[in-house]
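Computation of the quantities below employed the complete heavy-atom set of this structure, encompassing side-chain atoms and omitting hydrogens, waters and symmetry-equivalent molecules.
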Amino acid sequence: MARAAAPRALMAAVAAACVLAGCGGGGGGGASAPATSTPVVNTPVQTAAVTFANVSVHDPAVLKVGDTWYAFGSHLAAAKSTDLMNWTKIADGVTDANPLFTKVTTALADTFAWAQVTDLWAPDVIQLDDGKFYMYYDACKGDSPRSALGVAVADKVEGPYVNKGVFLKSGMWNEASPDGTIYDALKHPNTVDPNTFRDAAGKLWMIYGSYSGGIFIMAMDPATGMPVAGQGYGKHLMGGNHARIEGAYVMYSPATKYYYLFTSFGGLDAAGGYNLRVARSTNPDGPYLDASGKDMADVKADPTKPLFDDASIAPYGQKLVGSHQFALASGETGAQLGYVSPGHNSARYEAATNQYFLIFHTRFPGQGEYHEVRVHEMFINDDGWPVAAPLRYVPLSKSATTISPTVTSADTAGAYKMVNHGKDISAMVKPSVAIRLDGTGTVSGGASGTWTHKGNNDVSIVIDGVTYSGVLSRQWNPNANAFAVTFTAQSKTGVSLWGIRTGP
């Protein structure tokens, strides 16, 4: 059988799909200045100060080593950056020429033999207490959840990695699975898409899974990098019955004391409706809930419906971003900004700067299956949920003149283009609408309601009786060649609004 979404591949050739598997700015939260300060709409900057070098790494898992960020992705692709804007690819392709392994086809021969393919899907890399780098790799057959998940170790982050072996398998039809029961893809995981992380107390965990039986978590031994013995597949956290949920990643916030579980819902290709969602827990191993209180362990596809029934899961989780496009406003130039099927993210909290980052791959309107890495800053709204800035990350330090991260009420009032990301899982690209936040607290134009500046860069927007809790910031708008005031806001039903100020 063929899965509706193409597997992870650089889009020169879209290969056969997976069926039962699932292949796997600038400153919010500053002190508020008086509302009578001089408003700043779009502050011009020197164009040469803002540059991007884009890279295609599908399913980017990110870690920082010294001052350098590394992104590791499917098909043994990897890239690095020192500013989260300009990336250099350092590896690509599951071939013996890839520098991450010494002859990868030999080094991971047992992995490829089990999965019956010579390919690798979304990995994760973490540095453990011994100072070495541990790459959690995985391979999947593709038309079934026959997968192998293992770990390799290197002295340096760029390798070469030496295989320690496979420690978890799936897709053993009519055979006992690691939990001792006969493998059942409706309830057992597809052993791909690992993310290994430490909790606030330093304990090591690995979360993984895609489609099939859902997302699972296991306790890991930090001395060996292997799972603690006797867990089987670990604890189920989300999904099941082949629900299209994958790419799990956990981020802890010391400010809120929550663990945030990010996942991608839908299919990863341009027609698949991929979108990023988040749930949270006070414990690393759950239960993870959305803002409505829904336990994500109960979010599964309806087994009476055809495979990959998205309607069963679409109402749940806080949707951060989906397919969308911003129209050009008066005076703006260049290509219309937007994403198609953004997903499979990393998320990072940087204590030194008190910043949160969302790193993901995305396709683009009108560009088919071509994809690139994108980085957006995140903020925590006053409901304790992460919200993502509507424009890719550029630090305010890139401005030729000093810009305050504080966005006052006077700064906020004006004309905007706004995207409502909705809650659906579909291929539809959500278009922006023109709205106005006027100085009296009214929202008009393409949406009607009210808005309130709450201080500390927090904003509340009420549209059609629904309240969205948001954060204001200044982000780089390439269509205006300027930093612009933006808002990102989310409702308790998990719908996100993105707004970019375009004028007075």
Side-chain angles (χ1 to χ4, degrees), residues 1-3 7-9 15-24 58-59 61 72-77 93-96 98 100-125 134-153 160-196 206-216 218 220 224-227 229-234 242 246-248:
M1 292 183 287
R3 173 182 165 186
R8 299 180 175 88
C18 305
V19 174
L20 304 180
C23 313
H58 215 265
D59 316 314
F72 293 87
S74 289
H75 318 299
L76 213 55
V94 185
T95 71
D96 287 343
N98 194 302
L100 295 178
F101 283 83
T102 301
K103 294 186 177 180
V104 67
T105 59
T106 301
L108 303 186
D110 57 341
T111 302
F112 300 136
W114 176 264
Q116 300 174 16
V117 294
T118 305
D119 199 3
L120 293 169
W121 286 2
D124 192 35
V125 178
Y134 288 69
M135 176 187 285
Y136 292 85
Y137 61 82
D138 53 286
C140 180
K141 187 172 185 288
D143 58 0
S144 79
R146 185 175 178 89
S147 301
L149 196 164
V151 64
V153 184
Y161 286 83
V162 177
N163 189 27
K164 290 191 69 174
V166 171
F167 59 79
L168 210 58
K169 295 178 179 178
S170 59
M172 57 288 290
W173 306 119
N174 301 317
E175 298 177 20
S177 70
D179 71 2
T181 64
I182 299 299
Y183 183 81
D184 180 353
L186 289 172
K187 66 179 184 180
H188 286 133
N190 182 18
T191 56
V192 296
D193 293 3
N195 165 230
T196 306
M206 183 185 74
I207 194 166
Y208 71 99
S210 171
Y211 286 39
S212 301
I215 306 300
F216 286 67
M218 304 182 74
M220 305 294 283
T224 64
M226 296 288 191
Q231 298 179 86
Y233 279 127
H242 303 307
E246 61 184 5

For the [atom1] atom of [X] and the [atom2] atom of [Y], what is their distance to the nearest 0.5 Å?
| X | Y | atom1 | atom2 | result |
| --- | --- | --- | --- | --- |
| K141 | F112 | NZ | CZ | 16.0 Å |
| K103 | L108 | NZ | CG | 14.0 Å |
| M206 | M220 | CE | CE | 4.5 Å |
| T196 | Y134 | OG1 | OH | 11.5 Å |
| F101 | L76 | CZ | CG | 6.0 Å |
| Y233 | M218 | OH | CE | 9.5 Å |

Determine the minimum heavy-atom distance between [X] and [Y], stating which atoms define it.
| X | Y | result |
| --- | --- | --- |
| L120 | V94 | N-CG2, 3.7 Å |
| F216 | P189 | CD1-CB, 3.5 Å |
| N174 | I182 | CA-CG2, 4.0 Å |
| T102 | P160 | OG1-CB, 3.8 Å |
| S210 | D193 | CB-OD2, 3.8 Å |
| M135 | L100 | CE-CD1, 4.2 Å |

Could you check if a side-chain atom of [X] sits within less than 4.5 angstrom of a side-chain atom of [Y], using non-hydrogen atoms only?
| X | Y | result |
| --- | --- | --- |
| W121 | D119 | yes |
| W114 | M172 | yes |
| Y208 | L168 | yes |
| F167 | L149 | yes |

- Query: When Y161 is tested against each of V151, V125, V104 for side-chain contact (heavy atoms from CB on, under 4.5 Å), which residue passes?
  - Reply: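 Between Y161 and the candidates, side-chain contact (heavy atoms from CB on, under 4.5 Å) is satisfied uniquely by V125.
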- Task: Among residues two or more places apart or on two chains, list those pairs meeting side-chain hydrogen bond (donor to acceptor under 3.5 Å, both in side chains) that have a residue in residues 176-186.
- Result: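 Sorted pair list: S177-D179, D179-T181, D179-H188, T181-H188.
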- Message: Distance alone, cut at 3.5 Å: any donor-acceptor contact between the side chains of T105 and D96?
- Response: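 Checked: T105/D96 side chains pair up, N/O donor to acceptor below 3.5 Å.
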Between [X] and [Y], is there a donor-acceptor pair closer than 3.5 Å when you use the side chain of the first and the backbone of the second?
| X | Y | result |
| --- | --- | --- |
| S147 | N190 | no |
| N195 | I207 | no |
| S170 | P145 | yes |

- Could you pull out all residues at least two apart from Y137 that satisfy side-chain hydrogen bond (donor to acceptor under 3.5 Å, both in side chains)?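 Y137 satisfies side-chain hydrogen bond (donor to acceptor under 3.5 Å, both in side chains) with N163 once adjacent residues are dropped.
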